[in-house]
K.L.:
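First, the structure itself, so that you have it in front of you.
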Amino acid sequence: MVPSPWVVRQVSKETPDTFTLVLDPPGGARAKFTPGQFSMLWVGGVGELPISISGDPARPESLTYTVRSVGPATQSLVSRQAGQTVGVRGPYGIGWPIEAATGRDIIVAAGGIGLAPLRPVIYHVLANRADYGRLTILYGARNPRDILFRKELAVWAKQPDTQLLSTVDYGGVAWRGHVGVVTTLFKRLRLQPAKTTAMICGPEIMMRIVARDLIARGVSGEDVYLSMERNMKCAVGLCGHCQWGPHFVCKDGPVFPFSRIASLLDRHEL
Amino acid sequence: MTDAIRIRIVADQIEQLFQSLIKRDYAIFGPTVRDGAIIYDRIEDTSDLPRGVTDRQEAGKYSLASRPDQALFGYAIGPHSWKKYFHPARVKLFGASTDNGVFRILQEPTPPRQPTALLGVRACELAAIAIQDKVLLDGPYADEIYRDRRKEAFLIAMQCTESADTCFCSSMGTGPAVPVVAADITLTEIADNGNHWFLAEAGTPRGGEVLLELEHQPAGEADCLQVSTAVAAAGLQQKRRLDTTGLREALQDSFDHPHWDEVAKRCLDCANCTMVCPTCFCTDIEDVSDVSGDHAERWRRWDSCFTTSFSYIHGGSVRSSPKARYRQWITHKLSSWVDQFGTSGCVGCGRCITWCPAGIDITEEAQAIRGTVNHGNT
Ligand code: SF4
Ligand code: SF4
Ligand code: FES
């Protein structure tokens, strides 16, 4: 439960309220993680937060976290300066099934900040292009200025056998792109259901709808994965906070196959 | 295996047990009367024990009364459980100092902890300790705070020969008899008309060593029979029971049961049940810092799923209604606990019944749900 001091290399602004922190491990250690895992980030006196790792798994010299600044703890985290420290515990949890998905088409479906824990999957698939089939990135943001990793999205869209479909909830006059919830992108999806593994991260309602829609189109519930969010204090299965029915989201998740949690998703206030 | 050590000790000689433990440098914790209740605290000798006192318990009610005999352990259980020694209610995790935005964990020497001996652990409480061992030690990450406190502890169990009206260990299969190897020493007190003695059995070699230092007589067949009859009687006396057959599935299937609204009307959301429960393990973290922010500490303290902050994620609590919180509590105890740890989270100690200001009774609520859920043939 004791964090180690990682040194802030860089903090950069992604959108008006979202920042990316790059942290170097103490003593030049290497920092391995599985896409979809998270760490507990601590700022003294303020609090500790579970934050997904958003960087490249092939570059373990540092770990990258993307944080939406919504309260005092996130605020103080993103106001750290280069050279200062952040307390890190982790990485923790079960991540995305990138091994099991080898050879398959990949759908990455993200809503808002949900793109952050999926970015390592995109990096991994693009770096090991031959190991995977078609990559489809579905991304929905609230409005155009909330679009994360905008430059990278443009680059990803041009990669071989890769399709990027993005949308916003509210477009505004200057927006030329698609408007509507993520599922409205589905009509443009080229889907081979039996060959597809889908990884979804976003607000619970969005994940539910996307998962059901994909399953309705023939993707198996065992090949659809969701990343759940619950209150976390310990991240190691000891504090009880993250319980969700029989599961501890911190150690049994945060990524779950839809087939394992389908009956829980409809339970409001579980 | 050596022969089981099973001896008979005259009540007046039980003082020697204290001496034997103290000689081995144990700090002894056990029952004592404080503010109208029998609690667990540091005790030095037999004079600290609740001699001639018993407890009367009912839903929402607890009181002490004097007994006609001089029994030292003539009560059932009080508001405390032993979890406070292994899983402290509040404990510092670490301190850190910050200099120019760079923090450093302070290496604070931990004073050597005196080994503890717990005297008077009931069967249900041993079962609760075994459950907390599973939860806090057997997962992918062990709780070091618990492990350090738990590992050396010397356990002296005390079989019950009387039950409180709130007890239902019998139906949970956790008591009143103590399995021989569950503790270092298992005692049973018989306080018959002027014939006041203990049967003492060793469950471990170190327990045997302690016992053989005490003045004793060999325990005869008749002594053992008298003890097992008295313990069995305590089980038969129990007024409450919980039928656990199919309970896990029944609760799983009762998410939308109308009875949850009924309980929610009575529940005061006080969290007493989780605080007194010997298996509830949930904790929260407190961040503390000085004005300058240069010195920060993290503390861990017991938390309860009855608080709204427990399930908070940006913007609101997942379980914002009292109904959802009560449902979490009872469903976790009796259903999802089984999924998570392969055992019920309830040992039938009845504390949550006694200490509920609204007198809510877990056995009744579970039955109300279970009895009316249409659930195939489990
Ligand atoms: S739920 Fe109630 S009866 Fe069961 S172990 Fe906890 S306090 Fe005792
Ligand atoms: S019943 Fe509530 S407080 Fe007790 S262990 Fe379960 S979640 Fe934690
Ligand atoms: S965050 Fe503590 S148990 Fe999952």
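As the structure is a computational prediction, the values presented were derived from the model and not from experiment.
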K.L.:
Pick whichever of A/H268, A/M232, A/H247 has the most heavy-atom pairs under 4.5 Å with chain B.
P.N.:
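The candidate making the most pairs under 4.5 Å is A/H268.
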K.L.:
Which heavy atom in A/G45 sits nearest to a heavy atom in B/S289, and how many Å separate them?
P.N.:
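Between these two residues, the closest heavy atoms are CA-CB, 3.7 Å.
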K.L.:
What distance do A/S263 atom OG and B/D253 atom CG have between them, rounded to the nearest 0.5 Å?
P.N.:
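With rounding to 0.5 Å, OG (A/S263) is 9.5 Å from CG (B/D253).
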K.L.:
Any heavy-atom pair between the side chains of B/P140 and A/K251 that's under 4.5 Å?
P.N.:
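Yes. Closest side-chain heavy atoms under 4.5 Å.
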K.L.:
What distance do B/D99 atom CG and A/Q84 atom CD have between them, rounded to the nearest 0.5 Å?
P.N.:
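If we round to the nearest 0.5 Å, B/D99:CG and A/Q84:CD are 11.0 Å apart.
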K.L.:
Run the salt-bridge test on B/R298 and A/E48 with the 4.0 Å N-O cut-off and return the result as yes or no.
P.N.:
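Looking at B/R298 and A/E48, the cut-off is met.
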K.L.:
Given a strict heavy-atom distance threshold of 4.5 Å, which part of B/V288 is in contact with chain A: side chain, backbone, both, or neither?
P.N.:
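The answer is the backbone of B/V288.
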K.L.:
Let's go through B/Q328 and A/E269 carefully: what are the C-alpha distance in whole Å and the side-chain angles of both, what is the deciding distance for side-chain contact (heavy atoms from CB on, under 4.5 Å) to 0.1 Å, and is it a yes or a no?
P.N.:
CA-CA 9 Å; B/Q328 162 62 21; A/E269 290 200 273; over 6 Å; no
K.L.:
In terms of side-chain heavy atoms, does A/E229 have a donor or acceptor partner in B/H314 at a distance below 3.5 Å?
P.N.:
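Yes, because at least one side-chain N or O of A/E229 sits under 3.5 Å from a partner of the opposite role on B/H314.
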K.L.:
Might you confirm whether atom CZ of A/R68 has over 12 heavy atoms from other residues, nucleotides or ligands at distances under 6.0 Å?
P.N.:
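Not more than 12 within 6.0 Å, no.
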K.L.:
Mark yes when over 12 heavy atoms from residues, nucleotides or ligands other than A/E222 sit less than 6.0 Å from its CD; otherwise mark no.
P.N.:
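Atom CD in A/E222 is not packed in, count stays at 12 or less.
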K.L.:
Is B/R327 in contact with chain A via its backbone, its side chain, both, or neither, using a 4.5 Å heavy-atom distance?
P.N.:
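Contact with chain A involves the side chain of B/R327 alone.
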K.L.:
In terms of relative ring orientation, are A/H241 and B/F310 parallel, tilted or perpendicular, with 30° and 60° separating the classes?
P.N.:
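Correct class here is parallel.
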K.L.:
Should the heavy atoms of other residues, nucleotides or ligands under 6.0 Å from CD of A/E204 be counted, would the total exceed 12?
P.N.:
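For A/E204, atom CD is crowded (more than 12 foreign heavy atoms under 6.0 Å).
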K.L.:
I'd like to know whether CG of B/D138 has more than 12 heavy-atom contacts from other residues, nucleotides or ligands below 6.0 angstrom.
P.N.:
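Yes - once you tally the heavy atoms of other residues, nucleotides and ligands closer than 6.0 Å, there are more than 12.
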K.L.:
Report which part of A/S4 has an atom under 4.5 Å of a heavy atom belonging to chain B: side chain, backbone, both, or neither.
P.N.:
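When you check distances to chain B, only backbone atoms of A/S4 fall under 4.5 Å.
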K.L.:
Examine whether an atom of B/N100 lies under 4.5 Å from a heavy atom of chain A, and if so say whether it belongs to the side chain, the backbone or both; otherwise answer neither.
P.N.:
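Only the backbone of B/N100 comes within 4.5 Å of chain A.
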K.L.:
Is B/H332 close to chain A through its backbone or its side chain, or both, or neither, when contacts mean heavy atoms under 4.5 Å?
P.N.:
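Answer is side chain: those atoms of B/H332 sit under 4.5 Å from chain A.
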K.L.:
Please classify the contact between A/K233 and chain B as side chain, backbone, both or neither, with a heavy-atom cut-off of under 4.5 Å.
P.N.:
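Both parts, backbone and side chain.
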K.L.:
Quick one: of B/S321, B/S97, B/G139, who has the most non-hydrogen atom pairs under 4.5 Å with chain A?
P.N.:
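Winner by heavy-atom pair count: B/S321.
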K.L.:
Return the minimal non-hydrogen interatomic distance between B/A96 and A/W42, and the atom names on each side.
P.N.:
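Residues B/A96 and A/W42, closest heavy atoms: CB-CH2, 3.8 Å.
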K.L.:
Output the option from B/I285, B/D284, B/V135, B/I145 having the highest count of non-hydrogen pairs under 4.5 Å with chain A.
P.N.:
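It is B/D284.
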K.L.:
Please check if atom CG in B/L106 has more than 12 non-hydrogen atoms from other residues, nucleotides or ligands closer than 6.0 Å.
P.N.:
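Yes, CG of B/L106 has more than 12 neighbouring heavy atoms, counting only those of other groups under 6.0 Å.
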K.L.:
In terms of heavy-atom pairs under 4.5 Å, which option from B/I105, B/T331, B/T98 contacts chain A the most?
P.N.:
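Result: the option with the highest number of such pairs is B/I105.
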K.L.:
Taking every heavy-atom pair that is under 4.5 Å apart, which of A/M1, A/R267, A/Q81 has the most such pairs with chain B?
P.N.:
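Counting heavy-atom pairs under 4.5 Å, the top option is A/R267.
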K.L.:
Does atom CZ of A/R142 have more than 12 heavy-atom neighbours, drawn from other residues, nucleotides or ligands, at distances under 6.0 Å?
P.N.:
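Atom CZ in A/R142 is not crowded, with 12 or fewer foreign heavy atoms closer than 6.0 Å.
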K.L.:
Are the side chains of A/R230 and B/S311 in contact, using a 4.5 Å heavy-atom criterion?
P.N.:
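No. Closest side-chain heavy atoms not under 4.5 Å.
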K.L.:
How long is the straight-line distance from SG of A/C239 back to CG of B/D303, given to the nearest 0.5 Å?
P.N.:
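B/D303 CG to A/C239 SG: 8.5 Å, rounded to 0.5 Å.
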K.L.:
Under a 4.5 Å heavy-atom cutoff, which of A/L238, A/V70, A/V43 has the most pairs with chain B?
P.N.:
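Highest number of heavy-atom pairs under 4.5 Å: A/L238.
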K.L.:
For the residue pair B/F94 and A/P3, establish whether any side-chain heavy-atom pair is separated by less than 4.5 Å.
P.N.:
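Yes, close enough: below the 4.5 Å cut-off.
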K.L.:
Please say whether more than 12 non-hydrogen atoms of neighbouring residues, nucleotides or ligands are located less than 6.0 Å from CD in B/E108.
P.N.:
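Atom CD in B/E108 is packed in, count exceeds 12.
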K.L.:
So which part of B/E144 gets closer than 4.5 Å to some heavy atom of chain A, the side chain, the backbone, both or neither?
P.N.:
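Neither part.
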K.L.:
Most heavy-atom pairs under 4.5 angstrom with chain B, which of A/V236, A/V8, A/V46?
P.N.:
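Sorted descending by pairs with chain B, the first entry is A/V236.
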K.L.:
Measuring from A/N231:CG to B/S309:OG, what's the distance to the nearest 0.5 Å?
P.N.:
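With rounding to 0.5 Å, CG (A/N231) is 8.0 Å from OG (B/S309).
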K.L.:
Tell me which of these, A/T74, A/V7, A/V86, has more heavy-atom pairs under 4.5 Å with chain B than the rest.
P.N.:
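If we count pairs closer than 4.5 Å to chain B, A/V86 comes out on top.
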K.L.:
Have A/Q243 and B/S336 got a donor and an acceptor in their side chains that come within less than 3.5 Å?
P.N.:
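A/Q243 vs B/S336: no donor-acceptor pair found between side chains.
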K.L.:
How about CZ on A/R150, more than 12 heavy atoms from neighbouring residues, nucleotides or ligands closer than 6.0 Å, or not?
P.N.:
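Yes, the 6.0 Å shell around CZ holds more than 12 heavy atoms from other groups.
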